[in-house]
Amino acid sequence: MTIVTLISDWGMNSHYQAAVKGSILRQIPGVNIVDITHTLRPFDIMNCSFILGNAYPDFPKGTIHIIGVNTEASTKTPHIVVKYNDMFFIGADNGVMSLLFDEKPYEAIELDIMQDSDYFTFSSRDVFVKAASLIASGKALNELGAGYTTLNRMYAFKPVVTDDKIEGKVIFIDDYENVFVNIDHATFRKVGRGRPYTINFRVPGYAIRTLHTSYSDVPEGEKLALFGSTGFLEIAMNKGKASSLLGLGLTNTVTILFES
Amino acid sequence: MTIVTLISDWGMNSHYQAAVKGSILRQIPGVNIVDITHTLRPFDIMNCSFILGNAYPDFPKGTIHIIGVNTEASTKTPHIVVKYNDMFFIGADNGVMSLLFDEKPYEAIELDIMQDSDYFTFSSRDVFVKAASLIASGKALNELGAGYTTLNRMYAFKPVVTDDKIEGKVIFIDDYENVFVNIDHATFRKVGRGRPYTINFRVPGYAIRTLHTSYSDVPEGEKLALFGSTGFLEIAMNKGKASSLLGLGLTNTVTILFES
Amino acid sequence: MTIVTLISDWGMNSHYQAAVKGSILRQIPGVNIVDITHTLRPFDIMNCSFILGNAYPDFPKGTIHIIGVNTEASTKTPHIVVKYNDMFFIGADNGVMSLLFDEKPYEAIELDIMQDSDYFTFSSRDVFVKAASLIASGKALNELGAGYTTLNRMYAFKPVVTDDKIEGKVIFIDDYENVFVNIDHATFRKVGRGRPYTINFRVPGYAIRTLHTSYSDVPEGEKLALFGSTGFLEIAMNKGKASSLLGLGLTNTVTILFES
C-alpha cells in the first residue's frame, strides 16, 4: 500500500487539503494519506523542516512526502524530488530540502512534468500529485526528470560554541508551549565534558542546573530542561506552559555555561 | 475501495466527527474516509458550498460525500441524496445542494430511512452513514427513496453586471487571508472584451489595474489580483494577509470598472 | 483491516501525531488510523473520557484505541491495556480508564514492553504502538503482560440528588457552545417521576421548563434543553452559542427542581 503524507500551510478552513487528497485518491487508488500538519506558520520553511524532520523518520520505507509550502516554481526554485533513505520528498527547492538533507547522501531530480494549463496552477495538486503517482506506479526517479545536484541552501540557526559556552536559539514551540532550542545532546556532551553547567535564558533567576529525563521528574508547574525525543534541548514545565510563563519565544537566546 | 468524505461545522474538539467515522467503519469495512473540513463557520451553507464545491471535483467517481451542516430534517428540509457526475452527496435539503447543483443534470431521491429511535438523533451518524453504506453496497439510488425533483433554492450572491462595470462581493477568505470575490473569469472576459480595467475596493488608493497569474509575480508584501485555481477573482498579497491588511471582509464589495 | 484510533492533547501544530502515525504504519501495514481528536485540553483526563466515551461505542469490534494523554508511566500509573466489549484501550492508568470502565466487565493487563532506551521516551510512539501491533498481530492480551486488577480511580462529578432536586455540573462544552451537564436521562426520569420541573442555572430568569427533542424545536437564537445523543442533559440555543450567551462555563451548576 502506498503511503503519501502531506505537510503544508494551507490551514484547515479551506478546500486546499481536500482537493489535493481527492486528486491523490483519483491517481493512486488504495493509497493511505497521512496529514503531517496543515497549520505550519505561513511560508515558514524552518517550521516545516522542524516538524517534517521529526516526523518522517518514523514512516515506513517507500513513503512519499509532499511538501506544500512555498511551492511556486521558478528557475531559481524548481520543483524537485529528493530520495533519501528509501523515502521520497516532493516540493519546490525553496530551502526546505537543504534543511532536511544537505549533509546526507540523497538523490534528487528536477521534475519534468508539463503543466496542463497556462493559468494559475495549484502546484501541490497539479504537479506534485502527478509525481507521486508516477513514483507509486514504480517509475524510477530518473524517469521523472534530469538529475539535480545542488540543493538551494538555507542555513539553520546553529548554536555558537566556545570552550565554556553554548549559545543557542529557540527554534520551535509545541502546543504544550514546550520550548525547543537548537542545541543537540551530542554538542552538549562534547563541549561540556561532564562539567557542571548552568542553562540561562532571559531573567537570570530562571537558571536551570540539572537535566531531567521526563517532565514528571519535577513537581507540577516547575520548570525543567531535558533532551527530549527530538534530540534537541527542551525547556519545559511539568504540566505548565513554559513559553508564556518563562517569556521564551521563537529566536530568543538560551545559553549553557560550563564551569571552567 | 469506497471513499467517503465528511464536511461539517462540528469542530475538532468534540466527539462528533469520530463517532461518525466509527459508524462508517462499522458499516463499510475497508472504507477510506477523508475530511474535507470540520471547521466550517457554524450553520453556514455558503461557506460549505464554496469549500465542497472547490474540493469535490478532484475526487474519484463513486465518492460519497456526507454533508454534516444543518442536518435536522423537517418536511421542508428532508434528507436527500443527490447523484451528480457519478458521485453521491448526502445531506438535508437546506439549500446547500442548490448552491452546488441547481443548474446541473443531477438525480436526487428523498431518503426513506427509518430512524431507530424517537429520541434526539444525530442525523449524520444515524441516517447519512446508513445511506452511504447502502450506496457502497451497490444499491441503486431509487432503492433508497422516492425521486426528488426540486431542490430547495438558496441564491448565491451574483455579481451585478452593466456595460462597463462588474460589482461583486467577497464570498470566501482562506487561511492565508486571500480574498475570493464572486466574479468568475468568463464573466470578466465577456464584460471586459479586452478593455483596460480598474479593480476597486474600499479605499480608492488600493485600485489594481493588472491581473497576474501567480502570487510571486509581485514583490513580497505587495497586493495583486488573479483568477486562481477556483476560477474566481482573488485579491491577495504575496506572502501577506490581504484580508486584514486591505480591510476586506466577507460580503464587502469589489468593483471592476472597464474603460468605455 | 486493523483500525487504530488516536486521542491526545498533542495539538495539531507539531510532529507528535505524525510521528505516532508513521510508527503505526511501519508496524501495522494496511492499518486504518482514525483521529478522535488531538486538541484535548492539555492533561485533562475528564475532557478525554467525555470525548472518547462518546465516540468509541460507534467503532467496530476489534478497534484499538491509543490514549495519548498523561502517558508518563510510573509505579503508580503503569502502562496498561484494557479490553472491553471486544475493543482495546492502551494508555497509562492515570484515571481515564476508571472514568471509562470502572463499573463494566473489563479485562486488563499491565504492559510488559521494554523501552529501547534510557533516554526520554515518547510513550505513545515508543510503547503504545508496539502494544497495538502485538494486538493487531493476534497476540492474546495475557501475552502482553500480567493481569491488572484494580484501575486507578478518578471520580467523575456526580449530580447530587434529593427527593425534589437534581444538582448537576457542566462537564463539557462543544464547538457550537452547546453545554453538557452530568445529569443523564435515566436519573431525570427516576427522580422526576413525571412531575413538572424547572431547570435553573445562574440567572433565575433563564429557567427552562420544557425538554425538547431537537434544536430546531425552538426559534433561532432561543435557548432550550434536551437529552441529546450523549444521553446527558444539554443546554443549547438553536443556532446560537449557549455557553457564552448564557454565561454557562465548565463546572458551573445546573439544577433541576421538581414540583413536590
Side-chain angles (χ1 to χ4, degrees), chain A residues 1-3 5-7 9 11-12 30 32-41 47-63 65 87 172-178 180 185 211-217 220 226-232 234 236-241, chain C residues 1-2 4 6 8-35 37-45 68-77 92 94 115-127 129-130 133 175:
Chain A
M1 180 187 278
T2 303
I3 296 165
T5 82
L6 300 174
I7 185 165
D9 56 359
M12 300 297 282
N32 202 333
I33 303 171
V34 179
D35 295 309
I36 305 281
T37 185
H38 294 298
T39 51
L40 290 175
R41 277 201 307 276
N47 190 221
C48 180
S49 73
F50 185 90
I51 293 178
L52 184 54
N54 281 294
Y56 85 75
D58 286 308
F59 279 81
K61 290 186 187 303
T63 297
H65 303 279
M87 294 191 206
F172 184 72
I173 296 167
D174 70 17
D175 293 277
Y176 298 106
E177 297 202 20
N178 297 325
F180 294 74
H185 209 165
L211 284 166
H212 289 93
T213 54
S214 74
Y215 302 118
S216 58
D217 286 348
E220 289 197 11
L226 51 74
F227 284 96
S229 58
T230 62
F232 286 114
E234 210 175 315
M237 294 180 81
N238 184 15
K239 303 201 176 173
K241 301 183 172 202
Chain C
M1 179 187 277
T2 303
V4 175
L6 299 174
S8 79
D9 56 359
W10 303 326
M12 300 297 282
N13 312 299
S14 53
H15 55 286
Y16 301 117
Q17 59 92 13
V20 172
K21 285 179 187 168
S23 192
I24 293 171
L25 287 160
R26 219 176 55 233
Q27 296 181 49
I28 313 177
V31 66
N32 202 333
I33 303 172
V34 179
D35 294 309
T37 184
H38 294 298
T39 52
L40 290 175
R41 275 201 307 278
F43 319 113
D44 192 329
I45 295 303
V69 189
N70 298 352
T71 59
E72 289 194 51
S74 68
T75 46
K76 282 187 185 162
T77 60
N94 54 32
Q115 300 200 169
D116 296 333
S117 105
D118 283 346
Y119 290 110
F120 180 90
T121 52
F122 178 11
S123 300
S124 298
R125 183 191 62 185
D126 301 336
V127 178
V129 172
K130 211 174 283 181
S133 81
D175 292 279

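Note that the structure is predicted; figures quoted are calculated from it, not measured. Note that these values count all heavy atoms, side chains included, but never hydrogens, waters or copies made by symmetry.
Contact count against chain A (heavy-atom pairs under 4.5 Å) is highest for C:S14 among C:S14, C:G30, C:G11. If you tally non-hydrogen atom pairs under 4.5 Å between each of C:S74, C:A18, C:G22, C:P29 and chain A, the highest count goes to C:G22.
Remark: A:T230 pairs with A:F50, A:N54, A:F180, A:F232, C:H15 by the side-chain contact (heavy atoms from CB on, under 4.5 Å) rule, at least two apart or across chains. The side-chain contact (heavy atoms from CB on, under 4.5 Å) search around C:D9 returns A:Y176, C:L40, C:P42, C:F43, C:V69, not counting sequence neighbours.
Here the closest heavy-atom approach between residue A:D175 and residue C:M12 is recorded as OD2-N, 3.6 Å. When all heavy atoms are compared, the tightest approach of C:R125 to C:V129 is O-CB, 3.6 Å.
Below 30°, between 30° and 60°, or above 60°: for C:W10 and C:H38 the angle between ring planes is below 30°, a parallel geometry.
Using a 4.5 Å cut-off between heavy atoms, A:F172 touches chain C through its side chain atoms alone. Only the backbone of C:V31 comes within contact range of chain A, judged by heavy atoms closer than 4.5 Å. Residue contact with chain C, scored on non-hydrogen atoms closer than 4.5 Å, involves the backbone and the side chain of A:I36 alike.
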